[in-house]
Amino acid sequence: MIVRTTDEITGTDRDVADKAWRSKRIVLADDNVGFSFHETTIQAGSVSEFHYKHHYEAVWLVEGKGTLTDLETGIDYPLAAGSMYLLDGHERHRIVCDEQMRMLCVFNPPVTGREVHDETGAYAAPPAQA
């Protein structure tokens, strides 16, 4: 059994941020459960583009408001507390954050916590599983 709090993750290598967002990686690949689980906060007034070419991501918005744009189709989706989106087709997407967002995110395959978004907003492919 694994029990963690976001307080104990804060300020560690599981607490990753850039200028627009902060992600507390609660469960990572080295926990060996087949997914990773994160609490992510996105700053009001920010615009971020992401593309998880090698991962599926499910997101549950707990707080805040904004717009999700599917950059493949150009379709906009309003987001507010209680919204969920699933990137089941590795869609390039943009988040425009009107009111600070707090989201709970699940990735499969799990991230290691050391990934860095490249210039396209993507993470590198995860290492092959043995």
Participant: So does H51 get a backbone contact from the side chain of H93, meaning a donor-acceptor N/O pair under 3.5 Å?
Facilitator: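 A pair under 3.5 Å: no.
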Participant: Measure across A81 and V62 and return the closest heavy-atom pair with its distance rounded to 0.1 Å.
Facilitator: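 Scanning both residues, the minimum pair turns out to be CB-O, 3.3 Å.
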Participant: Strictly distance-based, threshold 3.5 Å: is any side-chain N or O of E72 a donor or acceptor partner for the main-chain N or O of D70?
Facilitator: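 Side chain of E72 to backbone of D70: no pair is present.
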Participant: I need the single residue from T10, T40, T41 that forms a side chain to side chain donor-acceptor pair (under 3.5 Å) with K24. Which is it?
Facilitator: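 Exactly one candidate clears the test, T10.
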Participant: Does some side-chain heavy atom of L104 sit less than 4.5 Å from a side-chain heavy atom of V59?
Facilitator: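 When only atoms from C-beta onward are counted, L104 and V59 do not touch, as no gap falls below 4.5 Å.
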Participant: Return the CZ to OG1 distance between R25 and T12, rounded to the nearest 0.5 Å.
Facilitator: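 If we round to the nearest 0.5 Å, R25:CZ and T12:OG1 are 10.5 Å apart.
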Participant: I'd like to check the salt bridge (Lys or Arg N to Asp or Glu O under 4.0 Å) partners of D30; sequence neighbours left out, ordered by chain and number.
Facilitator: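 Testing D30 for salt bridge (Lys or Arg N to Asp or Glu O under 4.0 Å), a comparison that skips the adjacent residues, returns R14.
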Participant: Salt-bridged, D31 to R4, with N to O below 4.0 Å?
Facilitator: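 Salt bridge: yes.
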Participant: So which atom in P110 and which in A29 form the shortest heavy-atom distance, rounded to 0.1 Å?
Facilitator: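 The answer is CB-CA, 3.7 Å.
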Participant: Hydrophobic clustering (ILVMFWY, side-chain heavy atoms < 4.5 Å, transitive) - are Y77 and M84 grouped together?
Facilitator: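 No: no chain of side-chain contacts under 4.5 Å links M84 to Y77.
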Participant: Calculate, to the nearest 0.5 Å, the distance between atoms CD and CE belonging to E63 and M103 respectively.
Facilitator: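 Spacing of CD (E63) from CE (M103) equals 11.0 Å.
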Participant: Would you please test V16 and H38 for side-chain contact (heavy atoms from CB on, under 4.5 Å) and show each step?
Facilitator: CA-CA 10 Å; V16 179; H38 315 185; over 6 Å; no
Participant: On a heavy-atom basis, which atom in L79 and which in L68 lie closest, and how many Å separate them?
Facilitator: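 In terms of heavy atoms, the two residues are closest at CD1-CB, 3.7 Å.
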Participant: Shortest non-hydrogen contact from I9 to D15?
Facilitator: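 Of all heavy-atom pairs spanning I9 and D15, the closest is O-CB, 3.6 Å.
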Participant: W21 and S48: which non-hydrogen atoms are nearest, and at how many Å?
Facilitator: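 Shortest heavy-atom separation between W21 and S48 comes out as CD1-OG, 4.3 Å.
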Participant: Which label fits F107 and Y52: parallel for a plane angle under 30°, tilted from 30 to 60°, or perpendicular past 60°?
Facilitator: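 Plane angle over 60°, so perpendicular.
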Participant: Quick check on Y85: does its OH atom have over 12 non-hydrogen neighbours (other residues, nucleotides or ligands) under 6.0 Å away?
Facilitator: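 Yes.
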Participant: Does some side-chain heavy atom of T6 sit less than 4.5 Å from a side-chain heavy atom of I26?
Facilitator: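 A side-chain contact exists here, since the closest heavy-atom pair is under 4.5 Å.
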Participant: Distance check, rounded to the nearest 0.5 Å: I42 atom CD1 versus R102 atom CZ?
Facilitator: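 Answer for the CD1-CZ pair, I42 versus R102, is 13.0 Å.
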Participant: Say you draw a straight line from NZ of K53 to CD of E91; how long is it, rounded to the nearest 0.5 Å?
Facilitator: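 K53 atom NZ to E91 atom CD measures 14.5 Å (nearest 0.5 Å).
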Participant: Test your reading of the model: is there a side-chain donor-acceptor pair from T73 to the backbone of I75, 3.5 Å cut-off?
Facilitator: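 The answer is yes, because a donor-acceptor pair under 3.5 Å joins these two groups.
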Participant: Rounded at 0.5 Å granularity, tell me how far CH2 in W60 sits from OG in S83.
Facilitator: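 The OG atom of S83 is 8.0 Å from CH2 of W60, to the nearest 0.5 Å.
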Participant: Please tell me whether D76 and T69 have a donor and an acceptor in their side chains that are separated by less than 3.5 angstrom.
Facilitator: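 Indeed, the side chains of D76 and T69 share at least one donor-acceptor pair under 3.5 Å.
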Participant: Among V111, N108, L87, V106, which one satisfies side-chain contact (heavy atoms from CB on, under 4.5 Å) with E57?
Facilitator: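 In the set V111, N108, L87, V106, the residue that makes a side-chain contact (heavy atoms from CB on, under 4.5 Å) with E57 is L87.
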Participant: What are the two closest non-hydrogen atoms of H55 and P109, and how far apart are they?
Facilitator: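 Shortest heavy-atom separation between H55 and P109 comes out as CD2-O, 2.9 Å.
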Participant: Would you give the length of the straight line joining atom SG of C97 to atom NZ of K65, rounded to the nearest 0.5 angstrom?
Facilitator: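 Taking SG in C97 and NZ in K65, the distance rounds to 11.5 Å.
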